Student: 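Sharing a structure with you now.
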2 protein chains.
Amino acid sequence: MGQKKDNDPNHKGATDKAQAILKGAMQEFLVHGYVATSMERVAAAAGVSKPTLYSHFQDKESLFTALVQRLAQEKHGAIFHSPDSYLFQGEPSLVLRHLATLILDHLKGESQLLAFIRLIIGESGRFPELARIMVRNIDKPMIERLSQYFVSRPELQLSDPKTTAQIFIGALVHFVIIQEMLQSQDILPMERDRFINNLIALIVVDSAVPPK
Amino acid sequence: MGQKKDNDPNHKGATDKAQAILKGAMQEFLVHGYVATSMERVAAAAGVSKPTLYSHFQDKESLFTALVQRLAQEKHGAIFHSPDSYLFQGEPSLVLRHLATLILDHLKGESQLLAFIRLIIGESGRFPELARIMVRNIDKPMIERLSQYFVSRPELQLSDPKTTAQIFIGALVHFVIIQEMLQSQDILPMERDRFINNLIALIVVDSAVPPK
DNA sequence: GTCTATATTCAGATAGAC
DNA sequence: GTCTATCTGAATATAGAC
């Protein structure tokens, strides 16, 4: 029980309230976390009353789970979706710089995504399944797509493309966690381009890409 | 106000209750997070009553801040403290493998440290200063010590030791976050030794360490 | 100094009116 | 279907006894 629209396919307008609730829930959960978010405030942010909220979602945990699943699907491969056609064309060092810049910009720009990652990590003890959903929908696609690219460029002479991709993505994500999420730019100062250049230099060794 | 022992240096036994409270607070906060931890349960875990708790710490936020500062200092450079004398001796690839193993073992073994990092990340929106304390006491010392080692080994030909150190540590920390904290070993399967070997191979290039 | 007992506030969840 | 009003439990913090 919960959604009755599923029993009435002709009535598509019935999802408005559910959408509004999820939107309100997103605002509240992403800012205050799971425990500190009250159903009262979610209802207010969504412009509905509490009983309406509870008619769409069984309880707080169901609402939270539904929200995380929705966000994880929205963010699924969001980084590669827009310019996938020409992103992976050109010199490997340029491709990797473009890719790293895209990832950092995406994480910095969409503060929503940063808040989402913080929320999932913070609640990974309470909701381990939601943590796994995020990894499956965000981290894994990124790493696999990069690994796929590495495989397509044998001149890089990477003996283990998959692991190299995980190192590349992991270093970038950790960089964002330190600088943005933990707000420690002044404690561990590091310019973005300097970090990216060094990361690329570790993978694209000069001997592997001889000047043409 | 709060601690009166500071006004009475001769009375060293007075810290017992405060220690017990911090120990109880550690158990509760590390498991349940900030908001879900009740002062009632902290008092029970510490074996004291709530008024006693409030006589030592002004409020919940003060207790949490004191606990985090204490934990951050305890964990300060804990990874390097024990075997610092011989850890950095020998072939660079062996040193780095030893170091990486030490870091992973330390993060996996001390589940307390993992829970601490999860707690700080989860609360970094609410308590940004505590996040900065953790970075200053844990991440920064690790990176700086490794950077120092890189500088001492010019044969590695690292043009930017500091950034390379941050990449090395960042990749390791991210590996632990994915595998242990987010419990996604089966989603992004990766053997520890395989990861370490590839990470080291990126830094210790064959041409940089010629066979002797 | 430490406890029992309590004041106060607020959360999740629901009954019943319309 | 949606809302007003409310129940129930639990949390922070404290007053007052010993």
Side-chain angles (χ1 to χ4, degrees), chain A residues 1-68 119 123 126-127, chain B residues 1-25 27-29 31-67 123 126-127:
Chain A
M1 42 187 151
Q3 301 102 323
K4 46 182 78 70
K5 70 178 175 64
D6 291 347
N7 297 329
D8 185 4
N10 295 332
H11 190 6
K12 66 176 171 60
T15 59
D16 288 351
K17 286 283 169 62
Q19 290 299 324
I21 290 171
L22 283 172
K23 187 178 175 184
M26 189 177 69
Q27 294 173 1
E28 296 297 320
F29 280 122
L30 287 185
V31 173
H32 302 105
Y34 177 74
V35 184
T37 291
S38 74
M39 297 294 265
E40 184 101 31
R41 292 180 62 91
V42 170
V48 301
S49 67
K50 271 198 289 183
T52 300
L53 200 168
Y54 277 97
S55 77
H56 286 270
F57 299 93
Q58 201 173 26
D59 52 20
K60 189 179 180 179
E61 191 172 319
S62 298
L63 173 59
F64 184 64
T65 301
L67 171 67
V68 170
L119 176 65
E123 299 298 338
R126 205 188 310 263
F127 299 101
Chain B
M1 43 187 152
Q3 301 103 323
K4 46 182 76 73
K5 69 178 176 63
D6 291 347
N7 298 329
D8 186 4
N10 295 331
H11 190 7
K12 67 177 170 59
T15 60
D16 288 351
K17 288 282 170 63
Q19 290 299 324
I21 291 171
L22 283 173
K23 187 179 175 183
Q27 293 173 1
E28 296 298 319
F29 280 122
V31 173
H32 303 105
Y34 177 74
V35 182
T37 291
S38 75
M39 297 294 264
E40 183 101 29
R41 292 180 63 90
V42 170
V48 301
S49 67
K50 273 196 287 181
T52 300
L53 200 168
Y54 278 97
S55 77
H56 285 271
F57 299 93
Q58 202 174 26
D59 52 20
K60 189 179 179 180
E61 191 172 321
S62 298
L63 173 60
F64 184 64
T65 301
L67 171 69
E123 299 297 339
R126 206 189 310 263
F127 298 101

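Bear in mind the structure is a predicted one, so any value in this text is a computation, not a measurement. Any value given below was found using the heavy atoms of this structure, including those in side chains, with hydrogens, waters and symmetry copies removed.
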Student: Under 4.0 Å: is that the gap between some side-chain N or O of Lys17(A) and OP1 or OP2 of dG1(D)?
Tutor: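 So the side chain of Lys17(A) is outside the cut-off, no N or O lying under 4.0 Å from OP1 or OP2 of dG1(D).
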Student: Using the side-chain contact (heavy atoms from CB on, under 4.5 Å) criterion, which residues pair with Ala44(B)? Sequence neighbours excluded.
Tutor: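 In terms of side-chain contact (heavy atoms from CB on, under 4.5 Å), with neighbours along the sequence ignored, Ala44(B) is linked to no residue.
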Student: Looking at dT4(D), dC3(C), dT2(C), which one has an atom nearest to any side-chain atom of Ser49(B)?
Tutor: dC3(C)
Student: List, one per line, each side-chain donor-acceptor pair under 3.5 Å for residues 26-37 of chain A, sequence neighbours excluded.
Tutor:
| residue | atom | partner | partner atom | Å |
| --- | --- | --- | --- | --- |
| Glu28(A) | OE1 | His32(A) | ND1 | 3.3 |
| Glu28(A) | OE1 | Arg41(A) | NE | 3.2 |
| His32(A) | ND1 | Glu28(A) | O | 3.3 |
| Thr37(A) | OG1 | Glu28(A) | O | 3.1 |
| Thr37(A) | OG1 | Gly33(A) | O | 2.6 |

Student: Taking only residues two or more places apart in sequence, or in another chain, which ones meet Lys50(B) in a side-chain hydrogen bond (donor to acceptor under 3.5 Å, both in side chains)?
Tutor: Glu40(B)
Student: Could you list the residues that satisfy side-chain hydrogen bond (donor to acceptor under 3.5 Å, both in side chains) with Ser62(A), not counting sequence neighbours?
Tutor: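 side-chain hydrogen bond (donor to acceptor under 3.5 Å, both in side chains) list for Ser62(A), sorted by chain: Asp59(A).
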Student: Could you pull out all residues at least two apart from Thr65(B) that satisfy side-chain hydrogen bond (donor to acceptor under 3.5 Å, both in side chains)?
Tutor: none
Student: Rounding to an integer number of Å, can you tell me how far His56(B) NE2 sits from dG1(C) P?
Tutor: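 Roughly 10 Å, once rounded to whole Å.
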Student: Starting at the 5' end of nucleotides 9-18 of chain C, put B wherever the base has a protein heavy atom under 4.0 Å, S where only the sugar-phosphate does, and a dash everywhere else.
Tutor: --SBBBB---
